[in-house]
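All remarks here apply to the structure that follows.
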Amino acid sequence: MALLLGVDTGGTYTDAVLMRDEEEVIASAKALTTRHDLAIGIGGAVARVLEQSGTDPAAIGLASLSTTLATNALVEGQGGRVGLVYIGFRDRDLETHGLAEALAGDPSLVLAGGHSHAGGEAAPLDLDSLRAWLSEDHGISAFAVAGQFATRNPAHELQAAELIRERTGRPVSCSHHLSARLNGPKRALTAVLNARLIGMIARLIDRAEDGLRDLGITAPLMVVRGDGALISADQARERPIETILSGPAASLVGARWMTGAQSALVSDIGGTTTDVAVLRDGRPAIDPAGAQVGPWRTMVEAVAMRTTGLGGDSELHVQDEGLIGGVTLGPRRVIPISLIAHEAPDIVHPVLDDQLRSTTPGEFDARFLRAVPGIDAGGLQDRDRVLLDRIGDAVRPVSEVLKTRMEAQALHRLVTRGLVQVAGVTPSDASHVLGRVDAWDAEAARKALDLTARKRTGAGNRLAPDPETLARMIVDQLTHQTSLALLETAFAEDAHEFDLPPETLARHVLMQRGLDRHRGLVRLDAGLDVPVIGLGASAHCYYPAVGARLGTEMILPEHAGVANAIGAVVGRVTIRRAGTVTAPGEGRYRIHLDSGPQDFTQEDEALTALSDHLLREARDTAIAAGAEDIQHKIAQDIRKAQAEGREVFLEAEITVEVSGRPRIAA
């Protein structure tokens, strides 16, 4: 009998589940995610599972971790300060391809160098300029290196990476390690995001291993990748970008295990995001264009999923323009007032009481700040450091911290870097006020909603007459935005074309009137034609209304709150590697490897050589990830053309996939 431990670290909760032979859930538990020290939350959840089940920690043969931290960081624009070394491109490419936006003010260097489509050197690599740039202190935590046609010849990326490691000792993310496909700017973006996540995911894995070890669990730790497969902890440290959509992918695997559904939409609501995907024939589809997370389209192979900045802890925004007014939610996560008051009641309640005694609403009512220790603070501006020192190590009201309007931008930078957390009103607080949840401080939530309800609309009226009315407005808005997220995914994945973007179709007046069952001279009915599997700790609070709105069956499985942790346990180790054969000249067939291009005189020889190389590499990686009973399959896409009455080889792409069960420790 094998005992398997699954752990999911989310933005709000850390979940743990103990299973027997991938067949039965023995115990499950939750603990608050502790951003300042992730081992505390992980240890708390796992300790409760062990206590519930009476399990000897030494009997656990496998531990597996899924996480939404990478996804959440990209949605919220957080992560470490990175430096991009861009080889063989032009300065204006940073702007035209969205890299400047992704860098968000972080440093970059455009270098001469790069290669041609055939893998030949286009220009010598300018290492002198790189040495000069590295001699300056840019406060960089990790580097991204992207070279022109590096997938055809990575020599310049590898040389630059070696020099960076030698001079700085910092981690380096090479674009050709993350994707074998062309499109240099998109690979560069993926490398930038990977570098931004390196420190965060390394801390998570390190603390997870420490927390398990402290409890006496010595089983190897696996991590869920964005396509639902498992990789080793060391592999996740090197390529943290592959863990984006890790949590959502694990939830899909868990949804399938819990329900046996063949065709359904799966919607997973967390504290920060709502992740929606489609199950077809019992399997989640892989996004051929690469994972989309927030505004970023990466080259990471992941499940076809739409991630929206909407969750139980989404920030509330008051719409005070117009005569009626209203509220919107997200995309940023904030700490719920009910939670911050639960943790610091002596600070939060007196501040809320003082604000309620004021006769006029304040701009920063019911908003607090808390610094997050242990995060690399390199590269901060002087104003940022002053603000960070002012916050100190306690919970502070925003009105006490911000002295001038100019400091608001400094606060934004601190929040973006993950150095400071904001607390404010969220749907979780609304649920406490309505009595649907009783986890934290409901009285503080009521005070915060009372303060927010006093804000004025364009007509000069209160936003809401009382906290309960505002709470219902917030929950109704979450229902509306969740329905939009589900409709967008349904339109995007539907077999039929509608000639408009999914976002437009979901919000179209005909669609919305159809959901309302409009009856007039025209009768309109609309809804989803497949069931929805609702996952997440708060799904039972919000999703019945979503199912009613969309006119479809809402399935809420027994273990919906720990679906990610279940998916982390029942996954398989799967490694894919891809490579290309090109024809640089008549009778020449070139394969493109990390060691450089190799030429052959026969097509079959080149195809066999590349297939063998990719299979060896994939098998070695799978074994290193802890796989056994390995199987493989090889796919070839050979493109040829007719020229002057004969067939001419153009290019071939070979993809190798190996898969095996994760090794269970005795």
Notebook entry, point to check: With sequence neighbours left out, what residues match His613 under ring-ring contact (aromatic ring centres under 6.0 Å, His included)?
Noted result: none
Sidechain-backbone polar pair: [X] side chain, [Y] backbone, donor-acceptor under 3.5 Å:
X: His156; Y: Gly114; value: yes
X: Ser232; Y: Ala625; value: no
X: Thr608; Y: Glu605; value: no

For [X], which residues count as a side chain to side chain donor-acceptor pair (under 3.5 Å) partner, sequence neighbours excluded?
X: Arg256; value: none
X: His117; value: Arg152
X: Thr621; value: none
X: Glu503; value: Arg306

Note to self: Considering only residues two or more places apart or on different chains, which pairs with a residue in residues 95-107 satisfy salt bridge (charged side-chain N to carboxylate O under 4.0 Å, His left out)?
What the structure shows: Arg81-Asp106, Asp106-Arg196
Item checked: Of all pairs that satisfy salt bridge (charged side-chain N to carboxylate O under 4.0 Å, His left out), the ones with a partner from residues 611-625, not counting sequence neighbours -> Arg577-Glu617
Note to self: Test: side-chain hydrogen bond (donor to acceptor under 3.5 Å, both in side chains). Region: residues 179-193. Which pairs qualify, not counting sequence neighbours?
What the structure shows: Ser175-Arg187
Notebook entry, point to check: What residue pairs, at least two apart or across chains, pass side-chain hydrogen bond (donor to acceptor under 3.5 Å, both in side chains) with a residue in residues 236-252?
Noted result: Asp206-Arg237, Glu209-Arg237, Asp234-Arg237, Ser251-Asp268
Margin query: Within the supplied structure, the quantity of interest is the number of heavy atoms (other residues, nucleotides, ligands) at a distance under 6.0 Å from Gln631 CD; does it exceed 12?
Written below: no
Note to self: Counting only heavy atoms from other residues, nucleotides and ligands, does the tally under 6.0 Å from CD of Gln642 exceed 12?
What the structure shows: yes
Checklist line | Residue list, salt bridge (Lys or Arg N to Asp or Glu O under 4.0 Å) with Asp227, at least two apart or on another chain | finding: Arg225, Arg576
Check: Sequence neighbours excluded, which residues qualify as salt bridge (Lys or Arg N to Asp or Glu O under 4.0 Å) partners of Asp629?
Finding: Arg661
Item checked: Pro597: side chain to side chain contact (heavy atoms under 4.5 Å, CB included) partners, not counting sequence neighbours -> Asn153, Arg590, His592
Item checked: Glu315 CD to Arg332 CZ distance, which is reported to the nearest 0.5 Å -> 4.0 Å
Notebook entry, point to check: For the atom pair NE2 (His496) and CZ (Phe498), what is the distance rounded to the nearest 0.5 Å?
Noted result: 7.0 Å
Item checked: Check ion pair Glu651-Lys640 (N to O, under 4.0 angstrom) -> no
Next item on the list: Check each of Leu109, Val85, Thr168 against Leu134 using the side chain to side chain contact (heavy atoms under 4.5 Å, CB included) test, and report the only one that passes.
Entry: Thr168
